[in-house]
Every structure is written in C-alpha cells, then in structure tokens.
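Lettering follows sequence order; numbering is per chain, from 1. Since the structure is predicted, the reported quantities are computational estimates derived from the model, not experimental observations.
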Protein chains: 2
Amino acid sequence: MLKVKSRMDDVCEVHFIDERKAKAVKRLMKPERTIYNLAETFAALGDPTRLKIIFALFKEELCVCDIAHLLCISTSAVSHQLRILRNLRLVKYHKAGRIAYYSLDDEHIGQIFNEGLKHVEEKR
Amino acid sequence: MLKVKSRMDDVCEVHFIDERKAKAVKRLMKPERTIYNLAETFAALGDPTRLKIIFALFKEELCVCDIAHLLCISTSAVSHQLRILRNLRLVKYHKAGRIAYYSLDDEHIGQIFNEGLKHVEEKR
DNA sequence: TGTACACTTGAACAACTGTTCACATATCTT
DNA sequence: AAGATATGTGAACAGTTGTTCAAGTGTACA
C-alpha cells in the first residue's frame, strides 16, 4: 500500500514575519486526515505506469492482460498497481468468469488527469 | 529532484483478450515524455507537506519562514520542498530584500487540488 | 565593520516504492 | 479429471524519497 508521512503539531518555534496571515491560513487548513488521503491519491497518480493505466481506462474498459499487453509489462506488475488504484477507489472492476474488467471509479479522475495535462503542456 | 521510472517498448509478449481495444488505446496514448512530466507533477502533490504548502499558497502569498511557522517544520525542510515545487513550475516567488514571497504559479494547480478534494471527500 | 536574519544547499540516513519471481487461487475447456 | 488461462499475492531487491544537520549565501541594520 502507498504510504505517506505526515505531521501537524501545534507547538512551533520557527520565527515568523506575519503571524496574522499564517493564522488565517491555519484556520482554513483542511484536517490532517483529509490532507493525508489527498496526498495518497496524488501519489498514486505520480507514477508513469499507473498514469498510463488510468489513461487507458479513461478511454476503454480493459482487462488485466490487455493492459499488460498494451503497456508491455507483466500481468503481475499490472495487478499490483491495480490493487493500489482499487484501494484508493480510483478504479473499479467487475468479473466475467476469470476475466476482470477494470474501469475508472468516478468522473473526477478524468478531470484531474486533464487539468494536470493542461499544466504540463502549457509549461514547455 | 523528484524522479519517476518509465518504459514503453513496442515489443510485448503478454497474451491478450481484445487486441482491437488495446490498439485503439495505444494510438491515443500520450507521448512518454508527457506521461513522465505529468507523473512528476502528481508525485509532487503526493506528499502531505507539499500539499499543505500548496494549500497555504492557494489562500495567501507567504514567505518561507511563515510557511515553516504555519506547518511547524524547519525552514530548511520548507526550502527543499519549495525547490521541488519551483522546478515543476507549481509555485513562483519574488524577493523583497531577504524575504522570498511564494505563490502558486498558475490557476490549474488550484483546480487539481479542488478536484482531488472532491474525490477524497466523496469516498468515505 | 559585525551581527542577525531569511533563505538555500549538500550529504547522510532511515523509510518507502515499484518491479520481479515464484507460487497460489479461481475459472474455463477438453 | 487434468491442463490451460486470468488474475492475485508475499517476499525480496535496488532505487528513490523526505527529513535532519551543518554549513553556505546574501541582505539589512546598528
């Protein structure tokens, strides 16, 4: 499983310039748990193999071995990555006999992918 | 610098179920370089510390030591993370004397953050 | 000039990651 | 039933990550 480190104590001894701004942001800051889950989700998207899988499933519902064939990697590697994506509810699947058909779990994933694409394509 | 592994040979010996679908997706697949850059960007968002920095800068332009104060981590740690975000053009800064004021580099970052938030808040 | 401050950087470390390999499970076919 | 196929899983490995620490810039102010 993807793991991610975190911390947010309230004791802090670093000097500051403008405490008003810092406090205003602190009030708005999302709960530690939310930040953690969000980081885990982005980390899942932060690997080319998983990103290709996401992209592929964005276009077509596919089974494990077609994904493996498409990306030229072992079905084992695909299965490991799909488990990570499944646990984070980024993909879902349904079984037809021995074949597992995977697809994206919700429409946000596609949006995130596209916004990210705009960012990287704009910057070079 | 954030690094990310990648590969996309055209030789592949995995069995397949539906080659038509796989080929259709392959035609649409983004270039290796694009996927790689996108993965790097998402990986940068895949860490709670950097995510908190992004969130903070989404609300306010801030200097390094105010970010450190706000998140209760060393200015060194913040500076290291800001360099990663800077290199990926996720944040920019301007200097006023010895103080460096950081802010988000473009509007896509906020969009990505919000879409991600919708995903994680919807799923539990 | 010297001291303090704001920030940056390089090296080093433990912790985490993605892949491979070997094996396990489950389902279909003959 | 046996064998082939599709997928899942645990262990192990090299490679990568984020933090800390120590030392470095450059700017401000007395």
Taken to the nearest whole Å, OH/Tyr36(A) to C1'/dC16(C) is 11 Å
Stacking check His80(A) vs dT9(D) (5.5 Å / 30 deg)
yes
Over 60° means perpendicular and under 30° means parallel, so tell me whether Phe58(A) and Phe113(A) are parallel, tilted or perpendicular.
tilted
Side-chain N or O of Thr49(B) less than 4.0 angstrom from OP1 or OP2 on dT19(D)?
yes
Of the options Leu45(A), Ile84(A), Leu82(A), which is the one that meets Arg50(A) in a side chain to side chain contact (heavy atoms under 4.5 Å, CB included)?
Ile84(A)
Leu62(B) CG to dC7(C) C1': how many Å, rounded?
15 Å
Suppose we screen for side-chain contact (heavy atoms from CB on, under 4.5 Å). Which residues come up paired with Arg98(B), at least two apart in sequence or across chains?
none
Figure out the CD1/C1' separation between Ile67(B) and dT8(C), and round it to whole Å.
14 Å
Rounded to the nearest Å, what distance is computed from the CG atom of residue Asp47(A) to the P atom of nucleotide dT17(D)?
11 Å
Intermediate values then yes/no, side chain to side chain donor-acceptor pair (under 3.5 Å), His119(A) and Gln111(B)
CA-CA 10 Å; His119(A) 174 79; Gln111(B) 297 265 7; over 6 Å; no
ILVMFWY cluster, Leu117(B) and Ile35(A) together (side-chain gap under 4.5 Å)
yes
Below 3.5 Å between N/O atoms, which protein atoms pair up with nucleotides 2-7 of chain D? Just atom names and distances, please.
residue: dT5(D); atom: O4'; partner: Arg98(A); partner atom: NH1; Å: 3.2
residue: dT5(D); atom: O2; partner: Arg98(A); partner atom: NH1; Å: 3.2
residue: dT7(D); atom: OP1; partner: Val64(A); partner atom: N; Å: 3.2
residue: dT7(D); atom: OP1; partner: Ala100(A); partner atom: N; Å: 3.2
residue: dT7(D); atom: OP2; partner: Cys65(A); partner atom: N; Å: 2.8

Leu85(A) has an atom CG; how far is it from atom P of dT17(C), in whole Å?
14 Å
Can you tell whether the side chains of Lys52(B) and Glu32(A) come within less than 4.0 Å, N to carboxylate O?
yes
Comparing Leu82(B) with Gln81(A), nearest DNA chain C nucleotide closer to 5' gives the residue Leu82(B)
In whole Å, what is the span from the CZ atom of Arg50(B) to the C1' atom of dG18(D)?
8 Å
Whole angstrom value for the distance that separates P of dG18(D) from CD1 of Ile53(B)
11 Å
Here's a test of your reading of the structure: between Tyr93(B) and Ala96(A), which maps to the more 5' nucleotide of DNA chain C?
Tyr93(B)
What is the separation between atom CG on Asn87(B) and atom C1' on dT9(C), rounded to the nearest whole Å?
13 Å
Would you say Arg83(B) places a side-chain N or O within less than 4.0 Å of OP1 or OP2 belonging to dC7(C)?
no
Tyr102(B) and side-chain hydrogen bond (donor to acceptor under 3.5 Å, both in side chains): which partner among His94(B), Arg86(B), Lys92(B)?
Arg86(B)
Report yes if a donor N or O on one partner sits less than 3.5 Å from an acceptor N or O on the other, where the partners are the side chain of Ser76(B) and the base of dC21(D); otherwise report no.
yes
